[in-house]
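See below for the structure under consideration.
The chains referred to below are lettered A, B, ... by the order of the sequence lines, with proteins before strands, and numbering in each begins at 1. Nothing here was measured: the structure is a model prediction, and the numbers come from that model.
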4 protein chains.
Amino acid sequence: MVMEQPPPPARRGRRRSEESRMAILAAAFELVGEVGYADLTIEGIAARAGCGKQTIYRWWPSMAHVLLEALAAKADLYVTNADHGSYAADLRAFIGDSFRLGRGRLVADILCALMAQAQIDAEFGEVFRADFLRRRRDALQVVLDRAAARGDLPASPAPPVVLDIVFGALWYRLMATRQPLDDALADDLVTTLTTASGGTR
Amino acid sequence: MVMEQPPPPARRGRRRSEESRMAILAAAFELVGEVGYADLTIEGIAARAGCGKQTIYRWWPSMAHVLLEALAAKADLYVTNADHGSYAADLRAFIGDSFRLGRGRLVADILCALMAQAQIDAEFGEVFRADFLRRRRDALQVVLDRAAARGDLPASPAPPVVLDIVFGALWYRLMATRQPLDDALADDLVTTLTTASGGTR
Amino acid sequence: MVMEQPPPPARRGRRRSEESRMAILAAAFELVGEVGYADLTIEGIAARAGCGKQTIYRWWPSMAHVLLEALAAKADLYVTNADHGSYAADLRAFIGDSFRLGRGRLVADILCALMAQAQIDAEFGEVFRADFLRRRRDALQVVLDRAAARGDLPASPAPPVVLDIVFGALWYRLMATRQPLDDALADDLVTTLTTASGGTR
Amino acid sequence: MVMEQPPPPARRGRRRSEESRMAILAAAFELVGEVGYADLTIEGIAARAGCGKQTIYRWWPSMAHVLLEALAAKADLYVTNADHGSYAADLRAFIGDSFRLGRGRLVADILCALMAQAQIDAEFGEVFRADFLRRRRDALQVVLDRAAARGDLPASPAPPVVLDIVFGALWYRLMATRQPLDDALADDLVTTLTTASGGTR
DNA sequence: GGCTAATCGAGACGGTACGTCTCGTCTTGTT
DNA sequence: AACAAGACGAGACGTACCGTCTCGATTAGCC
């Protein structure tokens, strides 16, 4: 839990406009849907948001950072990992939730664009991996930890490989094959990952 | 069956310069290593290649297309899928070969950049998926077909899902975690995919 | 009568940089002297002025407009038409002043280039005729009006023809024969135009 | 009189195509009327003429040279200077003929464009002055010589100044004021130049 | 009838400037 | 201070022509 100092740091001058912040996030989200990531520009977002470009540069290092925040603000990206009683059930629920998110055209497009930008812009890559990808891995890791505690986890593959397989298949479908994230894939993943190749961890 | 006359191309005018083509591909490959994809420019490639910009625009729709061709020209991207006697051995060999390619820093960077560009530029995306990604899937599909013929293939996961898992894990490590494509991952993938969850296909 | 309020421009945002404006005019003037009008480029002027090309395009429609303003800023193009007591003396002074201007190699070259550009670029032609040629005609017209008021003006040629003859001879020497604008020509023009062919207007 | 060696140099190989030459001149003439001199290009002329660019570059140094030859081929630029019995009559006839030519919109536009090009391109300027402007001056000089022989020529202005005044007024109207070359101007010029300011030469 | 040579249409080549676009920064007056 | 506005230096974009350079196909003398 974050314990923010109740006395605000006694800042001087005008405070950051929450109105501008929201307008910028909304504008970014709208525009990426209208013109696509390739044609997104800072100038376009500022114009749509009715703000100056400087206001964007002052608070975000790049357009991708804006979009990442806009995505977080719009979509509830946080998948549940409640206890469903078994590794298979937990895994199925996690994958089902994740796939559901990726089935939205706009959200999927933005995710792909951000992953793309992470390859091209190293600074954003750091942030995207730490703030977004890492969080998703951690969420699934909780499921694996619970399974291990239960003695429910197959000996193979190793937990990090499970993460690579689940998220790998997800992202590969999004970016490479553009096939829908359907239940068949989800079921096959669960079956494959829960059918022990020998013992448990 | 189309019986195209090896038709007298009846070309008039000066022919395309093979020398320029090679110089451009080489320049693109060198520059992406020196300055990175983010700072690659058509002007830079033309200057390095000693050619006019128009010569690039005349033959390639975008910088990414140049890079894709340069990659194909430089790296032998075609992984073998010879018969090693069993599904497990075939799969292990295919994955091993694929990982070996992706361990080269430069090739890996270019692959990530091209996959990124495929997300941003729809036109290039088409080409990249059809000319590159599709070929790799087809190569692995041969392995699966051989295993099915042998009665060696587990009932689950379905073949397309096998492709998604293998390539998904590969690309996810390249782009998301940037963990090395090590033998542990390869071994775990083979184990997971060859340990039948029930019968064979 | 237009009574324009010196209205509070209420300008927002950064103002036009007078420093850039002067640097651009100076660069244009220098470069036309160094490389000639044929090899003058917007890029060259911007580089010499240390400004971006956009700053030129933002304020001038074409290179010729820049040069016209540069000329006006550098050379005092405005010939006096003070009263010397007689039509002949006024005319001689005006022609003498005009010729003196045209004797400068650089100014003459720029004038020829601008007149040339006025033939090729209709938009610039409008401006050049209205802002430059028209002013010079008006200045000489003042001399003719004063002569007419004095009863000093020959009946022929008609005033507009006087303008055509004086400026015609001047420009024709500059552009066609490239003969110097010498006193002999000035004297002959005055003699011819002041020797009445019958009465006064 | 040019005494060309009657025996042709015994050339070998294919001869210059008269067909192409005519097609190029015609294309240049048509295009300058359709798109204007500013948008005239060698490529456009070649395309219209159905010839290769090299065929133009082989025979003319620049587009302006083509246009000059096209003009000579289309318009009969040579004004008569037959003997009409008096200086005034000869001069009036010469000016009338010259003005008639300049009244054609297309011819006038081409003349202005060529004079413009002569200011910008020194090499063409040489040719234009020697081949075109000089010829016109020579033609009027014949009229002056005849008048001098007759004892018909006013003492002032000096003959070269007469040329400057006549052609100056003509070109100035074409290029600067764009006023029509009307009879009023012609009459005023004749009156002014034939009303002796004292004696004859 | 071959041979050699010059020209032809076609069109790719290395260059270069164009005018546009967007970047990220800087400078205004306002809030 | 932060804000909206908007000009600034910078520099890549993709296009348009430049003038040159192959190409194969003609078309002429000459042997």
So, Arg129(D) side chain and Met175(C) main chain: donor-acceptor pair closer than 3.5 Å or not? yes
In whole angstrom, what separates Asp39(B)'s CG from dC13(F)'s P? 11 Å
Identify which one of Trp60(B), Phe124(B), Trp59(B) satisfies the ring pair (Phe, Tyr, Trp, His ring centres under 6.0 Å) criterion when paired with His65(B). Phe124(B)
Can a side chain N or O of Thr41(B) be found less than 4.0 Å away from OP1 or OP2 on dA12(F)? no
Contact class for Gly50(C) vs. all strands (heavy atom < 4.0 Å): base, sugar-phosphate, or nothing? sugar-phosphate
Is there a side-chain contact between Asp109(C) and Tyr37(C) in this structure, where contact means two heavy atoms from C-beta onward sitting under 4.5 Å apart? no
Between Leu71(D) and Phe29(D), is there a side-chain heavy-atom distance shorter than 4.5 Å? yes
Of Arg14(B) and Arg58(A), the one whose closest nucleotide on DNA chain F sits nearer the 5' end is Arg58(A)
For a quick test of reading the model, state the closest non-hydrogen atom pair linking Ile110(C) to Val32(C) and the distance between them. CD1-CG1, 3.6 Å
Here's a test of your reading of the structure: between Gly44(A) and Gln54(B), which maps to the more 5' nucleotide of DNA chain E? Gln54(B)
Find the distance Arg16(D):CZ to dT26(F):C1' and express it as a whole number of Å. 18 Å
Whole Å only: how far is the CD1 atom of Ile56(A) from the C1' atom of dA2(F)? 14 Å
Leu114(A) and Leu67(A) have their tightest heavy-atom pair at CD2-CB, 4.0 Å
Here's a test of your reading of the structure: between Tyr57(C) and Ile24(B), which maps to the more 5' nucleotide of DNA chain E? Ile24(B)
Measure across Arg48(A) and Leu31(A) and return the closest heavy-atom pair with its distance rounded to 0.1 Å. NH2-CD2, 3.5 Å
Taking atom P of dA5(F) as reference, at what distance in whole Å does atom CD of Glu43(A) sit? 13 Å
Can you measure Lys53(B) atom NZ to dT15(F) atom P for me and round it to whole angstrom units? 10 Å
Give the first and the last nucleotide of DNA chain E, reading 5' to 3', that has any atom under 4.0 Å from a heavy atom of chain C. dA17(E) to dG29(E)
Does dC3(F) have its OP1 or OP2 closer than 4.0 Å to a side-chain nitrogen or oxygen of Trp59(A)? yes
Between Ser20(A) and dA2(F), does any side-chain N or O lie under 4.0 Å from OP1 or OP2? no
What is the distance, rounded to the nearest whole Å, between atom CZ of Arg12(D) and atom P of dG29(F)? 11 Å
